[in-house]
Amino acid sequence: MGIDSKYLYSAGAEEKSYRSGELIFAEGGQSSFYFQVIEGKVKLCNQNSDRKEFLQDIIIAGKCFGESSLFNDKEYRMDAVALEDCVILKLARINFVGMLETYPKLYEKFCSLLCERTYYQSVMLHANSLLKPADRIVGLMEYLKSTERDQEKFSFKIPFTRQQMANLTGICVETAIRTLKKMEKDAVVEIRDHKIFF
DNA sequence: CCATTAAAGTTGC
DNA sequence: GCAACTTTAATGG
């Protein structure tokens, strides 16, 4: 999760609404804001040269994005696009830094948040370096489920479409579908009412 | 509630 | 991996 929004508001964060599909920032742009989703979902992705997309992450309400380059003056390495109608808090870098200085406790929060992203990226990098599609999908699902309380088998409903899972793991939808069906047969996942349980 | 249509999922090639 | 086909979800009466 991100930072308690009351701190963001008091530091001068502003709410901004985006329509579904609207670009929030683009690859190559300069980063100068901390973003946090209040309502809706945002995708972080790269547009492939052959107009396929690679999905880096999907940011749900309460989570933040764009924070990785707040302190290094680098350009964004991905696009951020609203997946549905969104309300997003934007806080300018200078005010964000001021906020951290006013509330040193938030440094700790911010660090843990950065580390969570680093951890996610290393898990996904490893999973996606595997050759077999099934291993990539399992890697993704294991990470997603690791943040859940309930670790019972087949208790976790995958919150993504097959298309999204494919784009997160760099395989194509058809492969994802065929692989998931095989995994169902092998009792790795359960498919109930078209939804995937892991 | 049903009809329409867009989006997601499926399958053969 | 495309394209044709099927199913589900969303929208509007």
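Each chain gets a letter, A, B and so on, in the order the sequences are listed, and its residues count up from 1. Hydrogens, waters and symmetry mates are skipped; everything else that's a heavy atom, side chains included, is used. In this text, all values refer to a predicted model and were calculated from it rather than measured experimentally.
- Residues forming a side-chain hydrogen bond (donor to acceptor under 3.5 Å, both in side chains) with A/K182 (at least two apart in sequence, or on another chain): A/D186.
- Counting Ile, Leu, Val, Met, Phe, Trp and Tyr side chains that sit under 4.5 Å apart, directly or through other members, A/F33 shares a hydrophobic cluster with A/Y18, A/I24, A/F25, A/F35, A/V37, A/V42, A/L44, A/I59, A/F65, A/Y76, A/M78, A/I88.
- A search for side-chain hydrogen bond (donor to acceptor under 3.5 Å, both in side chains) contacts involving A/N72 returns nothing, not counting sequence neighbours.
- Taking atom CZ of A/R178 as the reference point, atom C1' of B/dT10 lies 8 Å away to the nearest angstrom.
- Near DNA chain C, meaning a heavy atom under 4.0 Å from it, residues 187-198 of chain A has A/H194, A/K195 in order of number.
- For A/E142, the side-chain hydrogen bond (donor to acceptor under 3.5 Å, both in side chains) test picks out no residue, with sequence neighbours left out.
- Against DNA chain B, the stretch residues 158-176 of chain A makes heavy-atom approaches under 4.0 Å through A/T161, A/R162, A/Q163, A/E174.
- Note that the first and last nucleotides of DNA chain C, 5' to 3', having any atom under 4.0 angstrom from a heavy atom of chain A are C/dG1 to C/dA9.
- Cluster partners of A/L130: none. The rule joins Ile, Leu, Val, Met, Phe, Trp and Tyr whenever side-chain heavy atoms lie under 4.5 Å apart, and it links nothing here.
- In this structure, the side-chain contact (heavy atoms from CB on, under 4.5 Å) partners of A/T161, at least two apart in sequence or on a different chain, are A/Q163, A/Q164.
- Every residue two or more places apart in sequence or in another chain was checked for a side-chain hydrogen bond (donor to acceptor under 3.5 Å, both in side chains) with A/K41, and none qualifies.
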Can I get a per-line list of side-chain donor-acceptor pairs under 3.5 Å for residues 190-197 of chain A, giving both atom names and the distance, sequence neighbours left out?
residue	atom	partner	partner atom	Å
A/E190	OE1	A/R192	NH1	2.3

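- Here A/K43 pairs with A/E53 in a salt bridge; the nearest charged N to carboxylate O distance falls below 4.0 Å.
- Note on residues 97-122 of chain A: pairs passing side chain to side chain donor-acceptor pair (under 3.5 Å), not counting sequence neighbours, are A/D57-A/R117, A/E67-A/R117, A/E116-A/Y143.
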